[in-house]
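Naming convention: chains lettered A, B, ... in sequence-line order (proteins, then strands); numbering from 1 in each chain.
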Number of protein chains: 2
Amino acid sequence: MREDDAYRAATMYYLQDQTMEVIAKTLGVSRSTVSRLIKSAREEGVVRISVRQPSGSGTNIGHRLSATFGIKTHVVPVREHATELHRLEQVAMVAARLLTEWATPQMVLGVAWGTTVTAISRHLAPTPVRGSSVVQLNGAASTAAGGVTYAGDLIASFARAFDSTPYLFPVPAFFDFAETKAAMWRERSVRRVLDVQRHVDLALFGVGAVAADVPSHVYNAGYLDDAEMAQLTADRVVGDVCTVFLREDGSYRDIAINARATGPSPGDLRQLARRVCVAVGEAKVPALLGALRARVATDLIIDETTARSLLDRLRGSVRP
Amino acid sequence: MREDDAYRAATMYYLQDQTMEVIAKTLGVSRSTVSRLIKSAREEGVVRISVRQPSGSGTNIGHRLSATFGIKTHVVPVREHATELHRLEQVAMVAARLLTEWATPQMVLGVAWGTTVTAISRHLAPTPVRGSSVVQLNGAASTAAGGVTYAGDLIASFARAFDSTPYLFPVPAFFDFAETKAAMWRERSVRRVLDVQRHVDLALFGVGAVAADVPSHVYNAGYLDDAEMAQLTADRVVGDVCTVFLREDGSYRDIAINARATGPSPGDLRQLARRVCVAVGEAKVPALLGALRARVATDLIIDETTARSLLDRLRGSVRP
DNA sequence: AACCATCGTGCACAGATGTGCACGCCAGGG
DNA sequence: CCCTGGCGTGCACATCTGTGCACGATGGTT
């Protein structure tokens with residue numbers, strides 16, 4: 001009843017360009033109610049709005065990035081002086097919209113966890129996708145409490161939005177011993193999830209930066225001890241993708257801790273058709289550069305300011 | 001430049017929920033300009049808004065029609081006392097939006113001509129569709145002047161909207177002699193168009209009603225002489241689809257004039273995957289009933305008032 | 001039965017949006 | 001050279017839209 005009214009109101013508003021006043025009279029409710037109906041229609045995914053990039057947008061930032069790394073880039077316009085938190089919110093909104101736009105029946109969506117992905121999850125409008133699954137890409141349990149429920153809620157919120165089957169990955173972010181990982185990887189319960197991960201059609205992840213203003217989750221939630229942090233610095237690690245650490249040049253294979261990490265390596269990721277990387281914040285630029293050089297992404301969603309920083313660093317002219 | 005600004009403004013407005021004031025400051029223009037940029041983004045097809053029908057809308061008119069005729073129905077909400085012209089405009093708007101939503105690469109769009117289809121053409125937002133074609137379904141030349149350019153403009157406006165190759169059908173609406181039709185149908189120039197028509201993926205047409213308040217084009221533009229009109233009445237013809245005449249029970253094969261008509265018969269239409277019928281006006285109900293019984297449509301776009309009328313007539317309780 | 005929490009609604013106001021008008025810029029033509 | 005028509009812009013106003021608040025209905029609990 002209510003949903004049907006929302007549908008009727010949305011049709012009249014968006015498809016027939018009627019004012020809410022007129023719609024209110026037709027439906028026999030107050031204008032305020034119509035406003036709320038239309039809002040709920042948007043939030044419930046009854047209304048979908050997409051914006052397509054005009055083909056001939058010439059020399060702008062997005063196209064430069066796309067050309068350099070051979071990826072599709074979505075640059076989110078933001079005001080110059082906008083705070084990083086504000087920008088994160090903007091980018092997350094756009095990412096959430098694009099994601100629902102890219103959803104296809106039977107899709108397997110792989111999601112990592114972190115501040116960025118969590119922000120995206122807050123902006124997802126419900127978009128039922130027949131036969132879809134959502135799978136957690138990397139383990140989240142840590143010595144500190146809360147990692148599992150945190151990641152669990154995150155996956156659940158994606159699964160709810162797409163009406164998908166959720167697959168959790170109940171392993172720690174890092175094993176203490178590489179042998180344990182090897183052992184667990186032989187367990188059928190784990191293998192089942194790994195198998196789903198290999199069939200991911202659309203992977204979604206952010207990048208972690210070791211030195212960030214809004215510090216990335218991994219480096220602050222008790223996942224790593226002091227010795228490990230020191231080792232990262234010694235290894236010239238600048239950040240991570242799916243809790244696999246990277247250097248700015250994109251190398252990662254010889255970083256010891258990665259043998260104990262549970263997320264897919266850049267090499268694993270590259271097997272997947274579509275890999276969407278979302279990044280906000282100048283501090284993430286070195287890590288992002290490493291990620292792009294490791295070719296982890298096919299799509300990049302980034303705010304204008306960070307994008308500019310990235311291009312600057314590429315040219316070698318690092319700004320203060 | 002302008003288009004790029006429109007894209008940025010539209011992104012910020014629709015995807016990031018920014019106010020125009022904020023967008024104006026970011027882009028360095030006045031708020032009014034932003035309003036206009038966003039409007040143009042909508043009109044130029046940069047922004048697409050679609051409204052999906054909630055699955056569980058139970059006993060409403062649309063579902064009753066869908067169940068009765070085995071078609072998909074889109075009922076356009078209108079105010080009860082709305083004029084027929086107003087309703088036509090509403091329905092045409094919705095039809096235009098749905099059409100762009102249904103457009104797929106390589107599609108062949110078949111369009112008839114008439115008041116309804118013309119109204120739709122006025123509301124089409126440009127939506128480039130790779131490799132698409134638009135083909136005229138029925139001839140339009142008449143003894144009175146203007147038929148050809150009229151249909152030509154119509155087809156051209158569809159072709160422009162979808163960036164398609166247009167195929168005109170340069171034959172009269174009705175031949176005077178069935179033999180001429182047979183002869184023309186052997187001509188290669190005509191056969192080429194007929195061949196495109198057979199590959200139509202999406203056919204769009206209205207229904208003509210012999211006795212309409214807003215009279216249908218065929219019966220008023222000099223296509224038929226008095227004797228022919230009298231013959232139609234004698235044959236219990238209630239209207240036409242693509243200038244092929246029908247009775248209310250859906251029969252059409254034994255109506256003499258149809259042998260001289262150039263549009264696809266219901267039987268021809270049924271070969272096409274998707275056939276979208278658009279209808280407005282109580283006067284069209286008998287003709288529409290005939291059309292639906294002849295199974296010419298897979299999709300029906302109709303206003304609420306006409307839909308109600310249609311259901312009433314189905315139940316035998318014709319209202320005054 | 002009384003109570004309370006929750007929810008949906010309309011009212012009224014604040015804020016956001018659309019648009020007629022006038023101004024200024026530019027290009028083409030006299 | 002000026003004139004003129006077309007176009008894009010900002011201003012100011014009218015209209016449209018979003019939302020805090022209060023009220024009333026509903027349903028469950030004590």
For the pair made of [atom1] in [X] and [atom2] in [N], what is the distance, rounded to whole Å?
| X | N | atom1 | atom2 | result |
| --- | --- | --- | --- | --- |
| B:Arg42 | C:dT17 | CZ | P | 11 Å |
| A:Ile38 | C:dT9 | CD1 | P | 14 Å |
| A:Met20 | C:dG15 | CE | C1' | 14 Å |
| A:Lys25 | C:dG10 | NZ | P | 14 Å |
| A:Ile23 | D:dG18 | CD1 | P | 10 Å |
| B:Asp17 | D:dT17 | CG | P | 16 Å |
| B:Glu21 | D:dT17 | CD | C1' | 16 Å |
| B:Leu27 | D:dT9 | CG | P | 11 Å |

Among C:dT19, D:dG20, C:dT17, the nucleotide that comes nearest once only the side chain of B:Arg36 is considered
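Output: C:dT19.
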Go through C:dG10, D:dT17, D:dG10 for me and flag the one nearest to the A:Arg31 side chain.
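My answer, after comparing the listed nucleotides, is D:dT17.
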With heavy atoms under 4.0 Å as the rule, sort B:Thr19 into base, sugar-phosphate or nothing.
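Result for B:Thr19 = sugar-phosphate.
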Would you mind classifying the nucleic acid contact of B:Thr33 as base, sugar-phosphate or nothing, using non-hydrogen atoms under 4.0 angstrom?
sugar-phosphate
[atom1]-[atom2] distance between [X] and [Y], expressed to the nearest 0.5 angstrom:
| X | Y | atom1 | atom2 | answer |
| --- | --- | --- | --- | --- |
| B:Arg87 | B:His81 | CZ | NE2 | 11.5 Å |
| B:Thr26 | A:Glu304 | OG1 | CD | 9.0 Å |
| B:His123 | B:Gln90 | NE2 | CD | 8.5 Å |

[N] phosphate, OP1 or OP2: any side-chain N/O from [X] under 4.0 angstrom?
| X | N | answer |
| --- | --- | --- |
| A:Lys39 | D:dT19 | yes |
| B:Ser35 | C:dT17 | no |
| B:Ser30 | D:dT9 | no |
| A:Tyr13 | D:dC16 | no |

Residue pair A:Ile302 / A:Val91, side-chain heavy-atom distance below 4.5 Å:
no
Is B:Thr11 close to A:Val76 at the side-chain level, that is, under 4.5 Å between some pair of heavy atoms?
no
Polar side-chain contact B:Ser32-D:dC11 base: donor and acceptor under 3.5 Å:
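In this structure, the two groups form a donor-acceptor pair.
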